[in-house]
Amino acid sequence: MRNRRARLILTLLLLTAFSLITLDFRSGALSGVRRAASTIFGPIEGVVSDVVHPIGSFFSSLGHLNSYKHENSSLRQHVAQLQSQLRLTQREQNELAQEQSLLHLAGLAQYKIVAARVVAYGGALGFESTVTIDRGSANGIAMNETVISGGGLVGRVVTVGRNTSTVLLANDSKFSAGARLSANNPAIGSVAGGGRGQPLTLTLFDNTVQLTVGEQLVTFGDRPAGPFVPEVPIGRITAVTPANGQLGETATVRPFVDLSSLDVVAVVVRAPKSIKHDSLLPKSPSPAPTVTVTVTATPGSGPRSSSTPAGITSGTGTPHSGPTSSTTP
Amino acid sequence: MTGQRIVLRVVLVITACLAQVGIINRMRLPGGGPDLLLLIVVAIGLVAGPQRGAIFGFGAGLTADVFPPADHLAGQLAFAYTVVGYLAGLIDTGEDTSVFTTIVMVAAGSVGVVLLYAGLGGIVGDGRITASATLHAVVGTVAYDVVLAPLVVPLVSTVARRLEPVGSR
């Protein structure tokens with residue numbers, strides 16, 4: 001009797017789950033639920049992130065309190081203090097560098113951006129590549145907007161809660177964007193993610209064009225058809241597969257941004273009508289492409305670029321205080 | 001007692017989801033990572049029997065389906081965890097579950113959850129579901145889950161058993 005009831009309940013639950021899948025697939029009926037979940041749970045993720053992130057420096061500062069009483073404590077404390085200071089400033093410097101290169105990129109392109117911090121990482125058993133950022137509709141973020149970091153393309157916004165949003169990263173298999181080859185090769189194609197830890201794939205729309213290793217890609221800016229602002233650097237071609245009677249050549253693309261360790265990112269909330277072609281690509285490409293190559297912001301260039309008329313709504317220094325400044329031209 | 005039990009389960013699910021997206025996924029472990037919710041669904045199933053195990057699995061899965069930054073169809077994880085919760089509940093363990101039983105159930109559950117999730121995604125044409133991605137997910141999830149099982153499952157079971165009504169199985 002009990003077993004029969006359990007089986008009945010199992011059947012009902014499985015039917016419900018399957019109906020939900022169908023409903024969500026057909027009409028996206030549950031995107032409202034996802035938005036609500038983002039509004040409710042997003043801020044808690046922000047708190048967890050604040051606790052987890054600086055845990056290292058917390059322990060080191062506890063350490064130097066204990067050595068207070070001893071004879072040579074003052075010296076030791078001084079050393080410990082300096083060390084923890086060094087550690088803190090290293091993290092701060094890291095973030096500052098990321099913010100500076102972000103500002104540099106946004107300034108060059110005259111994007112209006114909302115800066116945000118990554119607070120949680122998606123997984124779903126390893127199939128999806130998404131993150132939560134600590135800015136939402138209250139900060140002016142809308143669906144499908146392009147997300148960048150100092151190096152270039154990060155992804156696009158797929159769910160917007162009140163104070164947090166979900167970003168689909170460029171290496172998620174569900175992600176695709178119109179891409180244009182830079183330099184003297186005007187070919188266009190589509191770049192798609194290949195899953196977590198995998199490179200991106202470029203498929204050309206034109207089968208007469210030859211691709212070469214080392215070429216760089218930017219977003220095509222397919223505003224009417226797709227969500228992306230133009231000219232955002234995507235990555236560099238690392239391998240080319242010849243077209244075998246297919247649409248066009250395909251190539252493996254290594255993204256400029258290290259998508260496995262994101263911290264400070266920005267959502268482009270408005271882009272100018274036109275951007276000079278290739279103006280945002282990293283200068284002097286090196287033969288052995290690494291992620292660090294892309295960060296070309298020199299110490300002097302950060303402040304200068306922030307004075308260009310790129311409206312920045314930045315709150316990265318104080319994660320939960322909301323936008324602190326807004327300088328629109 | 002019932003109220004307490006429900007509160008405990010809600011807290012368990014939300015804590016597991018938060019730890020998953022806020023801590024475990026952040027660490028970017030090589031090869032994959034543990035699925036905390038699976039361990040908890042197995043633990044509750046072992047304690048509470050097939051009926052409550054299935055209901056708990058459904059609730060836990062649905063929460064994970066919409067928990068930010070999730071971006072897949074709602075119901076995929078709910079379906080998979082419902083099956084696992086039910087099957088874990090069918091194992092008649094009496095008072096205590098041996099470590100061996102726990103590990104076998106967790107290993108089977110991990111494989112099952114990944115395959116069910118991938119299968120449902122495959123039906124609706126989810127581009128993320130490929131043979132290699134599924135294989136990666138199976139290997140990565142099972143390995144970490146089996147390592148964590150002897151720690152997490154008994155802990156959750158012990159706490160949950162205190163609040164379970166007598167003869168609920």
Side-chain angles (χ1 to χ4, degrees), chain A residues 2-3 5-7 9-10 13-14 16-25 29-30 33-34 36-38 40-42 44-45 48-49 51-53 118-128 130-133 158-159 161 164-168 172-174 192-193 195-198 260-261, chain B residues 14 17-26 28 32-33 35 49-51 53-55 57-58 61-80 82-83 86 89-90 113-114 117-118 120-121 123-130 132-134 136-137 140-141 169:
Chain A
R2 183 173 287 281
N3 268 340
R5 213 175 92 184
R7 272 203 296 276
I9 285 179
L10 173 73
L13 290 174
L14 293 184
T16 312
F18 199 77
S19 313
L20 284 174
I21 294 171
T22 317
L23 204 66
D24 204 13
F25 177 66
L30 281 101
V33 180
R34 255 187 298 270
S38 179
I40 297 165
F41 297 118
I44 313 177
E45 289 177 356
V48 172
S49 168
V51 174
V52 174
H53 212 128
V118 171
V119 294
Y121 295 81
L125 307 167
F127 285 107
E128 64 189 33
T130 52
V131 295
T132 306
I133 57 171
V158 288
T159 302
T164 57
S165 316
T166 299
V167 177
L168 185 73
D172 190 298
S173 304
K174 210 174 138 187
R196 225 156 68 182
Q198 304 293 319
S260 66
S261 70
Chain B
I14 291 177
C17 285
L18 276 175
Q20 185 79 42
V21 301
I23 301 170
I24 289 176
N25 295 350
R26 179 191 291 274
R28 301 282 165 185
D35 181 11
Q51 184 180 319
I55 294 172
F58 181 82
L62 201 57
T63 309
D65 274 327
V66 298
F67 206 89
D71 185 52
H72 55 265
L73 296 176
Q76 275 184 272
L77 288 173
F79 191 102
T82 303
V83 175
Y86 178 82
L90 282 182
V113 160
V114 173
Y117 179 92
L120 289 166
I123 290 174
V124 295
D126 187 343
R128 288 174 179 136
I129 310 295
T130 59
S132 79
T134 308
H136 267 117
T141 311
R169 293 185 56 89

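Chain identifiers are assigned alphabetically (A, B, ...) following the order of the sequence lines, protein sequences preceding nucleic acid strands; residue numbering begins at 1 within each chain.
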Residues in ring pair (Phe, Tyr, Trp, His ring centres under 6.0 Å) contact with B:F67, at least two apart in sequence or another chain: A:F41

Contact check, side chains of A:R196 and B:R28, non-hydrogen atoms, under 4.5 Å: yes

Contact origin within B:T134 toward chain A - heavy atom pairs under 4.5 Å: both

Atom group of B:D65 that falls short of 4.5 Å from chain A, counting heavy atoms: backbone

Top of B:I55, B:L77, B:T141 for chain A proximity - count of heavy-atom pairs under 4.5 angstrom: B:I55

Residue selection (most heavy-atom pairs with chain A, distance under 4.5 Å) from B:V66, B:V114, B:I14: B:V66

Partner chain A: residue of B:A70, B:P68, B:A78 with the largest heavy-atom pair count (under 4.5 Å): B:P68

Minimal non-hydrogen separation, B:P69 against A:G122, with atom names: CG-N, 3.3 Å

Spacing of A:F25 atom CZ and B:I123 atom CD1 [to the nearest 0.5 Å]: 11.0 Å

A:L30 versus chain B, the contacting section by heavy-atom distance below 4.5 Å: side chain

Heavy-atom pairs under 4.5 Å with chain B, option from A:S38, A:G123, A:G126 with the top count: A:S38

Salt bridge (Lys or Arg N to Asp or Glu O under 4.0 Å) partners for A:D172, two or more places apart: B:R128

Chain A interface, residue from B:G75, B:A74, B:A133, B:G22 that has the most non-hydrogen pairs under 4.5 Å: B:A74

Gap separating the CD1 atom of A:I44 from the CG atom of B:L18, nearest 0.5 angstrom: 6.0 Å

Shortest non-hydrogen contact between B:H72 and A:D24, atoms and distance: O-OD2, 4.0 Å

Interchain contact, A:L13 with chain B, by part (heavy-atom threshold 4.5 Å): both

Proximal component of B:R26, with respect to chain A [non-hydrogen, under 4.5 Å]: both

Under 4.5 Å from a heavy atom of chain A, the part of B:D71 involved: both

Non-hydrogen side-chain atoms of A:V48 and B:V21 separated by less than 4.5 Å: no

Side chain, backbone, both or neither of A:I9 within contact of chain B (heavy atoms, under 4.5 Å): side chain

Top of A:L14, A:V167, A:V158 for chain B proximity - count of heavy-atom pairs under 4.5 angstrom: A:L14

When A:T166, A:V33, A:L125 are compared by non-hydrogen pairs under 4.5 Å with chain B, the top option: A:L125

Part of B:Y117 lying under 4.5 Å from any heavy atom of chain A: side chain

Minimum heavy-atom distance between B:N25 and A:Y121, given as atom pair plus value: ND2-O, 2.8 Å

Closest approach of B:F58 to A:T16 (non-hydrogen atoms, all atoms of both residues): CZ-CG2, 3.9 Å

Shortest non-hydrogen separation from B:Y86 to A:A6 and the atoms involved: CE1-O, 3.8 Å

Closest heavy-atom pair and its distance - A:L10, B:A54: CD1-CB, 4.3 Å

